[in-house]
Amino acid sequence: MLTGLILAAGAGRRYGQPKVLVRDPGGVPLVHHAIRALVLGGCDHLVVVLGAAAAEARTLVARCAVNGSIVESVIAEDWDTGQSASLRAGLAAAAGTAAQAAVVTLVDLPDVSAAVVQRMTARFGPDSLARAVYNGNAGHPVVLGRAHWSAIRSSSVGDAGARSYLATHQVASVECGDLATGMDIDRPEDFPSARR
């Protein structure tokens, strides 16, 4: 069993609003892209971690289920201390499932598709550690085997997420540059259609 974690708690200061509320130029919420990629990529259970604008975001997330998927929303009360707060809240929620690994992604990666998730999770288990790379550049999703969750939760601080933990462990790099760019959306002009 795989749990998908979508980190979506930030205020989106550069964008001007929380990115969990942002829609692409076609009107599709960014969070819907992330949910779709994880569900169609093979995740059995999804957790969206919220923080800024949590009440409005929770309503939006509830409308984004794909193929009857169950999507759980949790709130990282200390979300404003950085991405690590979201990761800790998501892993705490995943700990209550039978998942052997978590696929962690960010809400603002609309071109990360189910094909990327499938490639990342072709082989996974409780000891897995893997990260997507795009033309050699590290990105998301990241696969965290259950055996690592406790240590990641206790070592994760600030805006670094699991970065320091991954830096001291053997992590499989999975090239996905042929499937996506892995680029995040920080401003409205970052959408590919806005750059034409």
Side-chain angles (χ1 to χ4, degrees), residues 2-26 28-43 46-49 61 64 66 71 82-84 86-87 90-91 94 101-124 128-145 148 152 156 158-167 169-196:
L2 274 171
T3 289
L5 302 182
I6 301 170
L7 307 186
R13 289 176 186 88
R14 283 180 285 184
Y15 198 94
Q17 68 174 316
K19 287 191 252 181
V20 71
L21 302 178
V22 171
R23 295 173 183 268
D24 71 14
V28 179
L30 290 183
V31 70
H32 181 79
H33 287 286
I35 290 169
R36 182 175 176 78
L38 290 172
V39 169
L40 299 181
C43 291
L46 269 76
V47 176
V48 181
V49 184
V61 167
C64 288
V66 173
V71 181
Q83 189 180 94
S84 293
S86 297
L87 180 58
L91 289 175
V103 182
V104 182
T105 194
L106 308 178
V107 72
D108 60 352
L109 305 173
D111 82 334
V112 171
S113 65
V116 171
V117 176
Q118 288 168 348
R119 183 175 290 175
M120 291 297 302
T121 59
R123 292 182 305 275
F124 72 89
S128 299
L129 285 176
R131 72 174 143 220
V133 295
Y134 300 92
N135 300 314
N137 298 309
H140 285 84
V142 176
V143 177
L144 305 174
H148 301 280
I152 290 171
S156 191
D159 210 33
R163 191 177 309 141
S164 62
Y165 185 85
L166 296 176
H169 290 78
Q170 187 169 359
V171 180
S173 293
V174 181
E175 180 57 57
C176 296
D178 59 320
L179 300 174
T181 67
M183 299 296 291
D184 61 345
I185 303 296
D186 281 332
R187 300 160 301 173
E189 56 267 29
D190 291 340
F191 282 103
S193 60
R195 292 192 291 249
R196 291 185 190 141

Problem set entry | Criterion side chain to side chain contact (heavy atoms under 4.5 Å, CB included) on Thr3 and Val47, from CA distance to verdict | CA-CA 7 Å; Thr3 289; Val47 176; 4.3 Å; yes
Problem set entry | Non-neighbouring partners of Tyr15 that pass ring-ring contact (aromatic ring centres under 6.0 Å, His included), sequence neighbours left out | none
Exercise. Side chains of Val49 and Ile6: closer than 4.5 Å at any heavy-atom pair?
Worked result: no
Seminar exercise, completed: Residue set satisfying side chain to side chain contact (heavy atoms under 4.5 Å, CB included) with Ala132, at least two apart, ordered chain then number -> Met120, Tyr134, Pro141, Cys176
Exercise. Do Gln17 and Val22 come close enough that some side-chain heavy atom pair is under 4.5 Å?
Worked result: yes
Problem set entry | Partner residues of Ser113 under the side chain to side chain donor-acceptor pair (under 3.5 Å) criterion, sequence neighbours left out | none
Seminar exercise, completed: Closest non-hydrogen atoms of Val71 and Val61, given as atom of the first, atom of the second and distance, are CG1-CG1, 3.7 Å
Problem set entry | All side chain to side chain donor-acceptor pair (under 3.5 Å) counterparts of Thr105, not counting sequence neighbours | none
Exercise. Between CG of Leu46 and CG of Leu38, what distance do you get to the nearest 0.5 Å?
Worked result: 5.0 Å
For this session: Taking the side chain as every heavy atom from C-beta outward, state whether Gln83 and Leu106 have any atom pair closer than 4.5 Å.
Result: yes
Seminar exercise, completed: So salt bridge (Lys or Arg N to Asp or Glu O under 4.0 Å) across residues 172-181, not counting sequence neighbours, yields Arg119-Asp178
Exercise. Where do Gly42 and Leu2 come nearest, in terms of heavy atoms and distance?
Worked result: O-CD1, 4.0 Å
Seminar exercise, completed: Here the gap from Arg36 atom CZ to Cys64 atom SG, rounded to the nearest 0.5 Å, amounts to 11.5 Å
Problem set entry | Approximate separation, where rounding is to 0.5 Å, of Tyr165 OH and Leu144 CG | 9.0 Å
Exercise. Could you give the distance from NE2 (His148) to CG (Leu166), rounded to the nearest 0.5 Å?
Worked result: 9.0 Å
For this session: Compare every heavy atom of Ala180 with every heavy atom of Val116, then report the nearest pair and how far apart it is.
Result: CG2-CB, 4.0 Å
Problem set entry | side chain to side chain contact (heavy atoms under 4.5 Å, CB included) against Ala11, all qualifying residues, sequence neighbours excluded | Arg13, Ala52, Trp79
Problem set entry | From CG (Leu87) to CG (Leu5), nearest 0.5 Å | 7.0 Å
Exercise. Considering all heavy atoms of both residues, which atom of Val174 and which atom of Ala130 are nearest to each other, and what is their separation?
Worked result: CG2-CB, 4.3 Å
Exercise. Side chains of Leu109 and Met183: closer than 4.5 Å at any heavy-atom pair?
Worked result: no
Seminar exercise, completed: With sequence neighbours left out, the residues meeting side chain to side chain donor-acceptor pair (under 3.5 Å) with Arg14 are Asp186
For this session: Using side chain to side chain donor-acceptor pair (under 3.5 Å) as the criterion, list what pairs up with Arg163, not counting sequence neighbours.
Result: none
Exercise. Got a second to check how far Asp108's CG is from Arg187's CZ, nearest 0.5 Å?
Worked result: 12.5 Å
Problem set entry | Contact summary for Ala8 and Val107, nearest pair of heavy atoms | CB-CB, 3.7 Å
Problem set entry | Residues forming a side chain to side chain contact (heavy atoms under 4.5 Å, CB included) with His33, sequence neighbours excluded | Asp24, Val28, Leu30, Pro110
Problem set entry | Contacts of His32 that satisfy ring-ring contact (aromatic ring centres under 6.0 Å, His included) - sequence neighbours left out | none
Seminar exercise, completed: For Ser84, the side chain to side chain contact (heavy atoms under 4.5 Å, CB included) test, sequence neighbours excluded, returns Arg88, Ser156
